Every structure is written in structure tokens, then in C-alpha cells.
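Note that the structure is predicted; figures quoted are calculated from it, not measured. The sequence lines fix the lettering, A, B, ..., with proteins before strands; numbering per chain opens at 1. These values consider heavy atoms only, across backbone and side chains, with no hydrogens, waters or symmetry-generated copies.
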Amino acid sequence: MKPLLPGDPAYPPGLNDLEEPPPLYIRGRIPDGPCVAVVGTRSCTRYGVDIGESMGRQLASAGLVTVSGLARGIDAAAHRGTVTVRGHGVAILGSGLDHIYPRENIGLAQSLVEHGGAVVSEYPNGTPPDRWRFPARNRLIAAMSVAVVVVESRVTGGAQITAVLAAEMGRPVFAVPGDVDRESSAGTNRLIRDGAIPVFGGQDLLDELSVLAGVDARPVGLNGPVPAGGLDIDDLPDHWGCTIKEALVRLGRLEASGEVRRLGDRILPAIRD
Amino acid sequence: MYSSVLSVALVGGDARVVHVEAAVGRNKEGFRLSGLPDTALREAKDRVRSAITASGIEFPHREVTINLAPADLRKRGSDYDLPIALAILAADRQIADMARAVIVGELALDGKVRRGGSSLGAAVIGSRLGIPCLVSREHAAQVAVVPGSEVHAVETLSEAVSLVSSGLQAQPTVPEGGESDAPEPPDMRDIRGQSFARRALEVAAAGGHHLLLHGPPGGGKTMLARRLPGILPGLEERHAIEVALVKSNAGLGDSVSYVPPFRAPHHTATRAALVGGGSGMPTPGEISLAHCGVLFLDELAEFPRSHLDALRQPLEEGAVVISRQGSSVRFPARFQLIGATNPCPCGYWGDRRRPCTCTGPGRDRYRQRLSGPLLDRFDLAVHVKRVAADDFKGGGGEASAPVARRVASARDIQLARGAVNGDLPDSLVQELPISGTARDLLLRSLQSSAITARGVGRVRRVSQTLADLDGTDVGEEHVAEALSLRGGW
């Protein structure tokens, strides 16, 4: 496999901001359009997964390209959100393309490529996923994107590195606030204190991006039976203003017609073409 | 000289008559016992001899032979002390030949009658044969609740001798009132929030459906399951007796309760403890103790696969057959299964606050342990989320009593049809009436792969229960709700 070299017209322009833009090995095709990085911790909570997925969904639905690192947790959630709306996404690996890590996300990588996205690495085939390569990979994520959003992160971790690198390169850094007593949000909360822009969801991020990064995004429809981020089954009666019995009847109809789908106890909008 | 006394043996979920025969021969002194006795029973010889002597009665100085018939039935325990003693005295012509009565009781060396494990069985056999029974005073009042029974309480061997000699001319024991030792099952009122799970529990109760609860630890899965007996209809008399006999056979007391039993064996329980068995005479397992009630298996995925497989026959047939060399015993085991499981090994997958520390493949493996035939038995599967702090504020939910009333009326409709919906096989449930729009919705969900062909039977059963709760035929809204109550796992 031949790498894509800097200077090639297809070479992602953002990477030229790096001191030494590396050659890239690519499976699939790096989509056109502005990239936004969605990153976070591997040991995430359901809160992080929900937000990460909905970010992936909403950014991709708005025609942006989501970029992340294919790690467990938030990275995977963002990629998953992207492919559920059949949007464009790029996964940047810290290993060779034949060493997709973690292996549980091989399917996800495949879906990204199938939906017009790409899996990218600066390392040739045969490079194992060594720990020290992951921070290096993060500089590519930061450089390639017009903005970085950290969904959930501890005080230490790859997402923090990505955020700092992005800030140094002049990319706006966004962070999703979390509970102050929760370790898995301590990093994002601290980023906000240090100057990152707090965002409260995908639409909020899109609004901010159009102002800050000049990214023009198509508005996302939010008039479905459940919000884009989904709802717990137990919250349906409140949301719809009815009894639990009526809510279950309505849910059954929506599921039968494929308008919503279920993920554990979470009711999410259906995936649309 | 020969005499015979009636006693009782607990076999499976039933009591059987045992004839205690005594013969006093002409040869020199000896004491023999035959009829498949276990160790405790073989030692009856010593207790009986001492008790008779201590009561101031003479033990025959000749050859005494005891036989417990039917000879091929294994007998165990010390319940036969009293009938053996009385049979010996009758055979020795020291007392009149026995009035027809069923007798059980262990003897102390000083002639006192101790509690016997099968007093309840004696009352049941007595009422079945229309004859009185003699049991220890300790639980005479408890077993006297058996309808049609005439229970006489005795405290000592001499008392028994005089009672028998008088031809049982005494006031029978008055049954104890109420169910003093059975605690009220916990109330649904204590459950806050969890409207989804509450609804599922009500539907499970109304249709006798097996229910799978999944969700993170601390969500209240156990709390919910424990409240099921409180909304189930009370037991019919014959079922209450059957349940009590199984309990008595397991050595768990002789009280008769009309509240459906609730059993929650731990996942480290042995297979014998779960389905019944053990060495010698098989004893009932948890699934039989849960007969006519609820079997709650927490941490379902932690149970060994072989244990879960052993549940399949009882789930199918409502009974379990334990085979032993030369004989097999059938225990009733028609229970409603409530399974609870974490979503993953660490338990926090799906939780909005705690990170899950499992890997994706680890989660998949965990779920695969539950796949297959057992999972197909659960008509209902609901996610029980961890209760958020603000759910503890407002008042409690609806109490058990009104829920139980709705459940009872839905059950009445089903019993008129012959079986609860949870027990209906797929072939029968397909024949029940269903509206055209309801059928359309089923077809649509099949087409959109919201359900599989296999899931149709389950959805049909649950829709039928929902319709029974409304007192109508199955309409589109019932199918829709049934669809909502099925999934998530």
C-alpha cells in the first residue's frame, strides 16, 4: 500500500499545520468537508456514550466529517453515531491499518469506510498498537480538524492531550460539562475552566461552530417523537404527557413502524437514509 | 400377635400412607425393623424401647418385629417412633387394637412426643381417608387448618396410650387462626419511579408470564421481584396444601399459607438444592418450593449453564422427576420465573453515571450465557434503571391491593379459558381472537424486523394478558404495548 504524501491534492490541508506532516496510509477515502474531532475517555459513562453518539449523529447529519481515534468509549460512540446516520467519519489509528485496535471496533471501522469515510494511519502495515503511539496519533486528530470537542475525560488522558495540541494549533476546543463530583468529567470541567468553550449538545456545538469556525452546517431536524439524544423509557410518559400505559402503546407503534429504535432502556430516533 | 397402625410418608409433593406393622412373637427377646428405613429410623428401636419403659409400661420380653409397608418405599426420619410404640403395645395386647387413625411423632427417651416432620402429611392423609390423626402438640394447631382434618394433639406416650384406649374420645385441636408466622409480602407502594418496570410486573402477574429484569446493580430488581407474590392471586386450598407438603418434605415447617411462595436461591446453590435430589430419599429443590409461586434467580448469568438447563423440563411440564435407582419421584414445580441480570460483568453498562469497565467482547460473552432456550421462556423483558435521587422524593407508587384486584380479574378471564396466558403454547395462543388492525401491526413489526417470527408467540401471549386486564379482545393497542414490553435485551 502506497502512502498519501504531503503535497498531494488529496492530502488533508489541516495536517500541513504540523511541523512534519507525515505520509498517510488510508483505507477508504478522506471525505470532503470540514472535520470536527469528537474525543474522550475510554472508560466512559452512559452519559458520555449518549452525548458522544448524539454528537456523532448530529455533526454527521449536518454534513460535517467527524474525526476520532476508534478507541473504546467516547471515540467509538462518536463513530457509531456517525455511521448510524450514514454520515462521513474518519478514524485515525495509532497502529498499522492491519492492526486495528481494539479488535471489537473492527466492524465499526468497516462501517466508516462503507459509508464513505476512511480509516487513516501514519504507520505502515505491520505496526502494532504500542501505547506510546497513541498520543502521537492525537496530534493528527487535532491538526486535521477545524475544532475539537471533548465529550468526557479524566484529568489525565489522551483527550486532554488532543485538546491541548488543538489549542496550540489555534483550533477552538469545546468541552461537554459534567458533574463536578464525577472523575470521568473532571478533565472536561477543567478544560472549561482553562478556557475551553462549554457545549451542551450537538445543536449547540453546530451553532458555536458556525460562529467560530465559519462552518456552515445544515440544520438538524428535531421534530421526531423523541429528541436526537434519545430518552429513557421511564421518561416517555413525561415527555409525551401521558400515562405509562399510553406511552408503551405509542412506543410499540413507533417501533413497529421503525420510527424509533431501542438501545438498552434508551429510545432513540430511527436511522434515516 | 400382630397389630398395624397407619402413618405417613412424604413423597414428592404428596403424602402417602405407610402401614406400621408390629408382631410380637414367641421367641426370646429381640427387636427387628424392616422396610427400607434410613439411619434415623433404624435408631427408633432405642428411642421406642426407652420411651415405653420411661412411661411405666412394660416393653415385651419377646421377639418384636416391625415392618414399614409398602416395603419398597424408602422411609426416613424419626416420625415413626410413636406409631411403632403404639403398634408394639397393641400387638402385645397391652392396649386395645388401634382405632383407625394416622399417627406421627418422634419420641424422646422419657416418653415425650416431639415434633414430627410429617404432621401435615398426617393431617392430609387423615382428611383424605376421613379418619382422625395424632400428632405432637407442638404443631397440632398448625396442621389442623387442613380442611376436613380431625387433629388430636398428644404430649407424651402415656397420653397417646390413654387417648387411643379411650377410642379417641377427645375434643380435636382447634385450628390456629390466620397465618401468624407468614409475614405479609412487601408492598408495591415502596417502589418509587420505575413506572415501566411496575407495569411489566403487573402484566407478568396478570398473565403468569416469566419476566426478565435487566439493569445495573442497585436498580431494585430484587425489590421488584419480591413484590410479585403480593399482587398474585392467593392460592387455592388444594394448591396451598400441595405447597405446604413440599415445604414440609424439605423440613421447612408445617404451616399452611395461602400467599404464593417466593424463593430466591443464590447462584452458588448446588444443582440438587435448585431442582431437587440429594442422597437417599430425594428432597425437593428450590423450584418445587416455589411451586405455585415465584422463583427469583438473581444474577441469572452467574448460574452454571447446567443448572439453567435443568430448569427447562420443569418449565415445560410444571414438575420435575428425580430418578433414583429403582424408583423416581415427581415433585411439582409450576413456578413463575423472574430472572434478573446485570447488563455486563461489571454491571454498569447502560448506566448514565458510572463508567462500564468491561470490553465489548466481554459484554457479548456475558449475554451469550443467557442466550437460547431459556431466554425464549421470558415473555417479558424490561430494563430496570438505577433510581435517580429525585425519584426518592415524591410519594410512593400505587399500593399492591388495587394492582392485585386488576390482576385477579384478568386471571379469572384466563381461568375460564383453561390456563393462564403464560402457559399457553404458541399453537394455542394463535387461535385466540385478535382484531384486524392488531394483526396488521404484528405483520408490520415482523416486516420492519422489530420482532422475529419466534417473538410473535410471546407478543401474542402478552397482548392477550393486556386485553384481559382491559376485559376486552386483543386490539391494536394491546399488541403495541406488548411490543414495548418485550425488548431491550
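- Smallest separation of non-hydrogen atoms from B:Ser484 and A:Gly252: OG-N, 2.9 Å.
- Here B:Phe196 contributes atom CZ and A:Asp235 contributes atom CG; the two are 12.5 Å apart, rounded to the nearest 0.5 Å.
- Options A:Thr41, A:Leu248, A:Thr243 differ in how many heavy-atom pairs under 4.5 Å they form with chain B, and the most are formed by A:Leu248.
- In this structure, B:Arg226 places its CZ atom where only 12 or fewer heavy-atom neighbours from other residues, nucleotides or ligands lie under 6.0 Å away.
- Counting heavy atoms of neighbouring residues, nucleotides and ligands inside a 6.0 Å radius, atom CZ of A:Arg190 does not exceed 12 of them.
- The parts of A:Arg253 that come within reach of chain B are both its backbone and its side chain, each placing non-hydrogen atoms under 4.5 angstrom from that chain.
- Taken to the nearest 0.5 Å, the NZ atom of A:Lys245 stands 7.5 Å off from the CG atom of B:Leu469.
- In this structure, the portions of A:Leu251 lying under 4.5 Å from any heavy atom of chain B include both its backbone and its side chain.
- Of the atoms belonging to B:Asp440, not a single heavy atom falls under 4.5 Å from chain A.
- Considering every non-hydrogen atom in both B:Ala480 and A:Val249, the closest pair reads CB-O, 3.2 Å.
- When the candidates B:Gln447, B:Glu476, B:Arg444 are compared by the number of heavy-atom contacts under 4.5 Å with chain A, B:Glu476 comes out ahead.
- Distance check: B:Glu477 CD to A:Arg250 CZ gives 15.5 Å after rounding to the nearest 0.5 Å.
- In this structure, the separation between CG on A:Asp234 and CD on B:Gln194 is 5.5 Å, given to the nearest 0.5 Å.
- Within a 6.0 Å radius of CD in A:Glu183, no more than 12 heavy atoms belonging to other residues, nucleotides or ligands are found.
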